[in-house]
Q: 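This is the structure, below, for whatever I ask next.
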Protein chains: 2
Amino acid sequence: MKRIESIKNPQIKQWKKLHTKKERDKTGTFIIEGFHLVEEALKCDVVIRDLIVSESIDLPTSWNVTNVSLTIVTEEIMKDISDTETSQGVAAICEQYTTQVNLSTVQKLLLLDAVQDPGNLGTIIRTADAAGIDAVIVGEGSVDLYNSKVIRSTQGAIFHIPIIKENLSHSIKKIKQYGMKVFGTSLKNAIDYKQAQVAESFALIVGNEGNGVHPELLNMTDQNLFIPIYGKSESLNVAVAAGILLYHLR
Amino acid sequence: MKRIESIKNPQIKQWKKLHTKKERDKTGTFIIEGFHLVEEALKCDVVIRDLIVSESIDLPTSWNVTNVSLTIVTEEIMKDISDTETSQGVAAICEQYTTQVNLSTVQKLLLLDAVQDPGNLGTIIRTADAAGIDAVIVGEGSVDLYNSKVIRSTQGAIFHIPIIKENLSHSIKKIKQYGMKVFGTSLKNAIDYKQAQVAESFALIVGNEGNGVHPELLNMTDQNLFIPIYGKSESLNVAVAAGILLYHLR
């Protein structure tokens with residue numbers, strides 16, 4: 001167990017930097033905060049480099065932290081490291097990881113094209129996990145998966161569901177070979193999602209908050225779907241749309 | 001047209017304060033930002049006390065601002081007033097308003113019990129509008145409707161759909177008298193939402209992010225529904241859940 005009391009300690013400065021993508025990419029690590037997320041990380045295969053605990057906090061006795069490197073810090077330091085307004089006094093530095101998924105064996109996939117809002121990306125991952133989707137493929141142009149707000153919004157689902165980073169046109173070619181039905185989402189040249197022929201094995205693509213799914217990808221799908229808008233709103237939030245479609249298609 | 005160049009101008013200080021609930025309550029006004037929201041406000045019945053425009057900005061010629069009090073400010077002032085990281089250079093001070101809705105004539109209602117996250121409240125209002133819901137009733141314990149983040153997340157739907165603030169047990173008693181079917185959402189003593197008997201005239205209640213709908217309200221419903229969780233996530237985001245249920249029930 002280590003103890004750090006100075007806010008100027010270089011280790012503290014480095015941990016704080018993990019709120020930037022640059023530092024996360026450089027170190028291959030990311031930071032998570034709060035009891036729920038740290039508990040989920042401890043239950044899963046993710047490597048925890050450092051468990052950081054505020055001196056006023058007692059860890060739950062149910063946590064198995066025997067083999068985890070523990071650092072006790074002052075409350076001031078914890079506040080300094082934290083990205084949230086009210087820190088719970090617990091954080092962890094985890095190693096980024098790549099999930100190996102054999103796409104020929106999965107039944108239900110969600111593909112994300114350039115989802116840029118961290119809260120949206122996290123909520124979509126949480127929704128995909130809840131809907132029993134086998135894996136999520138995050139395409140280029142999406143916000144960094146290891147952004148603190150993304151992880152917070154997943155509510156731990158980031159540790160439950162395999163997430164693959166890949167070029168989406170590459171993914172679509174592969175999964176079509178495996179006989180999966182590929183659904184895009186679009187307002188043009190699309191059918192009402194309730195008319196979609198539900199398939200046992202499918203992939204759904206949802207897209208960028210402003211521009212939707214890229215036309216090139218929409219041209220590769222088997223069918224494009226839209227959710228009818230009955231009121232004056234122009235569109236639905238992308239995470240809400242993903243939830244409606246995933247729960248309908250599954 | 002007025003022009004303000006000093007950041008210390010008392011008017012600027014007062015506008016900035018509108019990011020606090022206290023000042024909004026005191027003045028009965030609220031602030032909106034960005035082209036889309038201001039355009040929606042101009043199209044609707046809401047009273048605009050001040051339209052604030054950064055000196056570098058040309059207003060769209062399609063906007064009818066003849067009768068609106070206009071103030072030109074420096075970019076520095078606009079940045080200072082703004083709640084967002086990158087201001088679009090347009091903001092407006094609007095009057096809070098109460099919508100009169102005759103609940104005996106509406107068919108589809110959404111009731112919100114203590115929804116506390118501004119992004120969630122706004123996204124739910126946007127979703128309710130898109131789903132063609134007639135009105136939203138916001139119960140006690142919910143975040144302030146005029147919070148900037150709520151308004152931003154509605155994407156303008158706050159100006160499209162009637163929103164009533166009311167004690168929910170009071171609302172439920174009324175709408176049951178009008179023969180509406182009232183659905184709660186709960187994990188206990190509830191049925192799978194896909195088994196719900198869809199009614200032409202219904203009210204759905206969704207609840208607080210952590211605690212769900214208050215048990216007292218759940219006891220007053222005709223039927224409580226749950227959305228099955230197929231993965232390891234414990235629950236769905238409340239806005240996503242509202243979207244799945246509203247699109248299924250309508």
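We name chains A, B, ... by the order of the sequence lines, and we start the count at 1 in each one. In this text, all values refer to a predicted model and were calculated from it rather than measured experimentally.
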Q: Quick check on the interface: out of B:A130, B:G243, B:A239, B:A157, who has the most heavy-atom pairs with chain A under 4.5 Å?
A: B:A130

Q: Is the shortest heavy-atom distance from the side chain of B:V138 to the side chain of B:I163 under 4.5 Å?
A: yes

Q: Going by heavy atoms in the side chains, are B:V65 and B:L42 under 4.5 Å from each other?
A: yes

Q: Between atom CD1 of B:I125 and atom CZ of B:F159, what is the distance when rounded to the nearest 0.5 Å?
A: 11.0 Å

Q: If you tally heavy-atom pairs under 4.5 Å against chain B, which of A:V240, A:L236, A:L245 wins?
A: A:L236

Q: Looking at CG of A:L249 and CZ of A:F183, how far apart are the two atoms once the value is rounded to the nearest 0.5 Å?
A: 5.5 Å

Q: In this structure, are over 12 heavy atoms from other groups packed under 6.0 Å from A:I191 atom CD1?
A: yes

Q: Mind listing the donor-acceptor pairs under 3.5 Å that bridge chain B and chain A?
A:
unit_1: B:R126; atom_1: O; unit_2: A:S233; atom_2: OG; d: 3.4
unit_1: B:R126; atom_1: NE; unit_2: A:S235; atom_2: O; d: 3.1
unit_1: B:R126; atom_1: NH2; unit_2: A:S235; atom_2: OG; d: 2.9
unit_1: B:R126; atom_1: NH2; unit_2: A:L236; atom_2: O; d: 3.1
unit_1: B:D129; atom_1: O; unit_2: A:G231; atom_2: N; d: 3.2
unit_1: B:D129; atom_1: OD1; unit_2: A:K232; atom_2: N; d: 3.2
unit_1: B:D129; atom_1: OD2; unit_2: A:S233; atom_2: N; d: 2.9
unit_1: B:D129; atom_1: OD2; unit_2: A:S233; atom_2: OG; d: 2.8
unit_1: B:A130; atom_1: O; unit_2: A:Y230; atom_2: N; d: 2.6
unit_1: B:A130; atom_1: O; unit_2: A:G231; atom_2: N; d: 3.4
unit_1: B:K194; atom_1: NZ; unit_2: A:Y247; atom_2: O; d: 3.0
unit_1: B:P228; atom_1: O; unit_2: A:Y247; atom_2: OH; d: 2.6
unit_1: B:Y230; atom_1: N; unit_2: A:A130; atom_2: O; d: 2.6
unit_1: B:G231; atom_1: N; unit_2: A:D129; atom_2: O; d: 3.2
unit_1: B:G231; atom_1: N; unit_2: A:A130; atom_2: O; d: 3.4
unit_1: B:K232; atom_1: N; unit_2: A:D129; atom_2: OD1; d: 3.2
unit_1: B:S233; atom_1: N; unit_2: A:D129; atom_2: OD2; d: 2.9
unit_1: B:S233; atom_1: OG; unit_2: A:R126; atom_2: O; d: 3.4
unit_1: B:S233; atom_1: OG; unit_2: A:D129; atom_2: OD2; d: 2.7
unit_1: B:S235; atom_1: O; unit_2: A:R126; atom_2: NE; d: 3.2
unit_1: B:S235; atom_1: OG; unit_2: A:R126; atom_2: NH2; d: 2.9
unit_1: B:L236; atom_1: O; unit_2: A:R126; atom_2: NH2; d: 3.2
unit_1: B:Y247; atom_1: O; unit_2: A:K194; atom_2: NZ; d: 3.0
unit_1: B:Y247; atom_1: OH; unit_2: A:P228; atom_2: O; d: 2.7

Q: How many angstroms lie between atom CG of B:L59 and atom CG of B:L51, to the nearest 0.5 angstrom?
A: 6.0 Å

Q: With a 4.5 Å cut-off on side-chain heavy atoms, are A:V106 and A:I133 touching?
A: no

